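Each remark here refers to the structure printed beneath this line.
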Amino acid sequence: MKEKIRVRFAPSPTGPLHIGSLRTAFFNYLFAKKNNGKFILRIDDTDKKRYIKKSINYILDTFKWCNIKYNEGYNKKGKYGPYIQSKRLKIYKKYLKYLIKKKFVYYAYDNKKDILLYKKKNKNFLYNSINREKLNNSINKKNKKIKKKFVIRLKTPKNKNIIFNDKIYGKIKINTNELDDKIIFRSNNTPTYHFANVIDDHLMKITHVIRGKEWIYSTPIQIILYNYLKWKIPNFIHLPLILNKKKGKISKRFYKKKKNNLIIYPIKSKYKSIKINNSFEENGYLPESLLNIIFLLGYKNINKYEILNLKQMIKLFSIKNINKSNIYFNYKKASWINKKHIEKNKKILKNIIYLKLKKKIKKKFNKKILKKIVNSIFNRLYFINIKNIWNVCYYFFKKPKKYIFNKKLKKTIINNKKKIIKFFLKIFFLFKKIKKNIYIKKFFNKLSLKNKKNFFFKLKILRLSIIGSLKGIEIIKIINFIKKKEIIKRIKYFIKNNKLLFTNTKFRKNII
RNA sequence: AGCCCAUUAGUCUAUAGGUUAGGACGUCAGAUUUUCAUUCUGGAAAGAGGGGUUCAAUUCCCCUAUGGGCUGCCA
């Protein structure tokens, strides 16, 4: 009978979860889904010093936002609980006793300062089989005469090659002489990660350990523990890391230290203790497209289709297709992927955009026109957040303060002042006398037949005067969506505020 | 400093020893759209360097370089 696949994501609550960890969680989820297995969420909170309140909540919020569901774990019922390590002390102690009895571990009474000194003297100092006897501070039995604090360290064997087969990296060989006798139990009566992790993974019947590559070097320590306990060693799958350009792996600490605007966190935080100044959510990324982006990172996508929904990702997922090398995040590709997902969800998103705009405008605005505006700006949105929505359509709601154009256009304007003013006057005439848009279209059509180049230029000027920029939706739509009075106002304002362009023109006075 | 891992265009990736080294994003140019955006067409752009093995190496081996990880009573 085939063994039931069980995987776990085991974050430590030391701050918010970034995309690197989200990717680890997601790949665990995908692996479980793909293989009809179970996905477990365990909280590895053995480090009390670095504990940050509400970290767990942030993780749960992120899972919810992304639609990642776990079968067992924190806040859920399950056979193998509790799923939070700080509540499992009794269990750890039981196995610790066994290890002490078998002399696989030992008490160490060193001063921290002494060890630091050794390390200063010799950079490559290791607290291992070679040194532990020299130091003379370590013993197999608890020494009741010494009142000093002690820790419990793992006995690493002398000069043994530990070999394991990583599902991504292949055969990895590490000699035990390169390993420290890791502390597995602290002086404050708590287990460290390595110990708690092995116990829990075994008791929770984890079959595949999928985690970041930074763990590869500590895998042999865990294997030694598995061997001492005579337990079956799970499959190891180490994922390559996502890097910041030239700044090392993405980490909470890095993000704190250097004020940078790189987006690495999925969602915004509801909690005071979790401070995030930028997130994918706030930047208008859709949950599914963030998963798609993460999925594609360092992934051999044999299928040529890159825009995938959750179902498709589950179908396509395979450990074999994960690459080995480090990954640099490409935000431009990410925004393209997001745009494609936006296009896929047109109906729902249009309504959301409409509501967001309505909220932003505050004033009463014609509903029909607002809906039309949403329709016509939709295909130029890369992100669904008010900042980006506003950037694409602000000009419908307020007159321009600045006019952005290039030197070439400036020259052409100066050379053709009279023509432009004439053109504006014609438009005023049309707007005042004829209210129907059909006639305006006809007028444009006539103009376009006369001289195309000239006409293009005139349209650019018209656009510039109305919206202050050369970029925007179709000019006819702009005219349709803004009230005629307002357009006239704006053109006049344009001429007034660009005296340098329109000096000494008779018509200028006429207009103003 | 030691150990572990990686290295194909700016970024992600294809090639299971034999290809004009393919694709995606980006970038540049052109076409369509009366202007903008979309869309379409096309261009530039890569095997880190040096040795082997082989009839043949991007692919296998070694060295160097570069990048990353680990060397915490952090996880």
Side-chain angles (χ1 to χ4, degrees), chain A residues 10-14 44-47 49-50 108 110 112 115-116 119 122-127 149-153 166 168-170 172-175 177-180 182-188 190-194 196-197 211-220 238 240-241 243 245-246 248-249 251-253 293 296-302 304-307 321 323-337 339 343 376-381 392 441 444-445 447-449 452 455-464 467 469-478:
Chain A
S12 62
T14 54
D44 282 13
D45 63 341
T46 56
D47 183 13
K49 282 179 198 165
R50 286 213 298 150
D110 316 82
K112 267 187 197 175
I115 294 174
L116 275 174
K119 288 202 173 179
N122 176 12
K123 270 191 177 177
N124 295 327
F125 172 87
L126 285 176
Y127 202 122
K149 279 186 176 179
F150 62 86
V151 294
I152 294 171
R153 299 184 99 112
D166 188 274
I168 290 172
Y169 286 93
I172 287 173
K173 188 175 95 178
I174 292 164
N175 191 286
N177 285 0
E178 304 291 341
L179 261 31
D180 256 320
K182 276 272 176 282
I183 292 171
I184 63 158
F185 226 79
R186 299 188 184 92
S187 56
N188 69 355
T190 58
T192 61
Y193 172 81
H194 296 284
N197 182 264
R211 43 146 63 149
K213 192 187 155 195
E214 72 264 35
W215 293 107
I216 230 170
Y217 207 75
S218 52
T219 307
H238 288 94
L241 302 173
L243 305 178
K245 208 149 203 194
K246 289 177 186 174
K249 68 169 177 172
S251 70
K252 297 160 199 169
R253 285 180 242 183
I293 290 160
L296 251 25
L297 285 178
Y299 192 80
K300 290 180 205 177
N301 188 28
I302 295 160
K304 275 194 179 173
Y305 303 103
E306 293 199 295
I307 306 304
N321 290 345
N323 262 356
K324 294 177 188 174
S325 43
N326 294 332
I327 303 152
Y328 293 95
F329 197 92
N330 185 343
Y331 285 93
K332 283 200 170 169
K333 179 142 193 179
S335 67
W336 175 79
I337 292 171
K339 185 179 166 44
E343 283 167 11
S376 50
I377 59 161
F378 189 81
N379 70 346
R380 42 198 88 201
L381 282 173
V392 173
K441 259 193 184 176
F444 280 159
N445 280 338
L447 262 184
S448 72
L449 289 174
K452 265 207 174 182
F455 178 59
F456 286 4
F457 162 71
K458 277 178 183 166
L459 283 185
K460 274 190 182 177
I461 301 297
L462 185 62
R463 175 189 290 279
L464 185 68
I467 71 172
S469 155
L470 294 173
K471 287 186 176 178
I473 66 162
E474 296 98 312
I475 187 77
I476 288 198
K477 279 188 182 169
I478 292 176

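Only a predicted model underlies this, so the values are computations on that prediction, with no experimental measurement involved. Numbered from 1 within each chain, the chains take letters A, B, ... in sequence-line order.
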From the options [options], select the nucleotide whose nearest atom is closest to the side chain of [X].
{"X": "A/T192", "options": "B/A75, B/C5, B/U34", "value": "B/A75"}
{"X": "A/K300", "options": "B/U34, B/A14, B/C70", "value": "B/A14"}
{"X": "A/L126", "options": "B/U71, B/G68, B/A75", "value": "B/U71"}
{"X": "A/L459", "options": "B/G68, B/U34, B/C25", "value": "B/U34"}
{"X": "A/K49", "options": "B/C74, B/C25, B/A24", "value": "B/C74"}
{"X": "A/N379", "options": "B/U34, B/U13, B/U38", "value": "B/U38"}
{"X": "A/N330", "options": "B/U7, B/C5, B/U11", "value": "B/U11"}
{"X": "A/E474", "options": "B/C36, B/G68, B/C4", "value": "B/C36"}

Touch check for [X], heavy atoms < 4.0 angstrom, all strands: base, sugar-phosphate only, or nothing?
{"X": "A/K112", "answer": "base"}
{"X": "A/S187", "answer": "base"}
{"X": "A/K471", "answer": "sugar-phosphate"}
{"X": "A/T190", "answer": "nothing"}
{"X": "A/D44", "answer": "sugar-phosphate"}
{"X": "A/I337", "answer": "nothing"}
{"X": "A/N175", "answer": "nothing"}
{"X": "A/N124", "answer": "base"}
{"X": "A/G298", "answer": "sugar-phosphate"}
{"X": "A/I475", "answer": "base"}
{"X": "A/Y299", "answer": "sugar-phosphate"}

Can you check the [X] [atom1] to [N] [atom2] distance for me, whole Å?
{"X": "A/W336", "N": "B/C12", "atom1": "CH2", "atom2": "P", "value": "16 Å"}
{"X": "A/I327", "N": "B/A24", "atom1": "CD1", "atom2": "P", "value": "21 Å"}
{"X": "A/R211", "N": "B/C74", "atom1": "CZ", "atom2": "P", "value": "18 Å"}
{"X": "A/E178", "N": "B/C4", "atom1": "CD", "atom2": "C1'", "value": "9 Å"}
{"X": "A/F329", "N": "B/A24", "atom1": "CZ", "atom2": "P", "value": "20 Å"}
{"X": "A/W215", "N": "B/A75", "atom1": "CH2", "atom2": "C1'", "value": "4 Å"}

| query | Would you say a side-chain N or O of A/N323 is under 4.0 Å from OP1 or OP2 of B/U13? | reply |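 For A/N323, the contact criterion (side-chain N or O under 4.0 Å from OP1 or OP2 of B/U13) is met.
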
Watson-Crick or G-U wobble mate for [N], both contacts under 3.5 Å:
{"N": "B/A29", "value": "B/U41"}
{"N": "B/U11", "value": "B/A24"}
{"N": "B/C3", "value": "B/G69"}

| For atom NZ of A/K460, is the number of surrounding heavy atoms from other residues, nucleotides or ligands below 6.0 Å larger than 12? |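 No, because the 6.0 Å sphere around NZ of A/K460 holds 12 heavy atoms or fewer from other groups.
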
Do any N or O atoms from the side chain of [X] and from the backbone of [Y] form a donor-acceptor pair under 3.5 angstrom?
{"X": "A/Y193", "Y": "A/T46", "result": "no"}
{"X": "A/N301", "Y": "A/Y305", "result": "yes"}
{"X": "A/T192", "Y": "A/I183", "result": "yes"}

| request: Could you work out the separation of B/U19 and B/G23 based on their C1' atoms and round it to a whole Å? | output: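 Straight-line distance between the two C1' atoms is 14 Å.
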
| field | Rounded P spacing from B/G43 to B/G2 in Å | value |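 B/G43 and B/G2 have their P atoms separated by 49 Å.
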
| said: Under 3.5 Å, is there a donor on one side chain and an acceptor on the other for A/S325 and A/N323? | reply: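 Judged by distance alone, the side chains do not pair up.
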
| query | Side-chain contact, heavy-atom cut-off 4.5 Å: A/R153 with A/K182? | reply |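 No - every pair of side-chain heavy atoms lies 4.5 Å or more apart.
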
| query | What is the ring orientation for A/Y331 with A/F329, classed by angle as parallel under 30°, tilted 30 to 60°, or perpendicular over 60°? | reply |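 A/Y331 and A/F329: tilted rings.
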
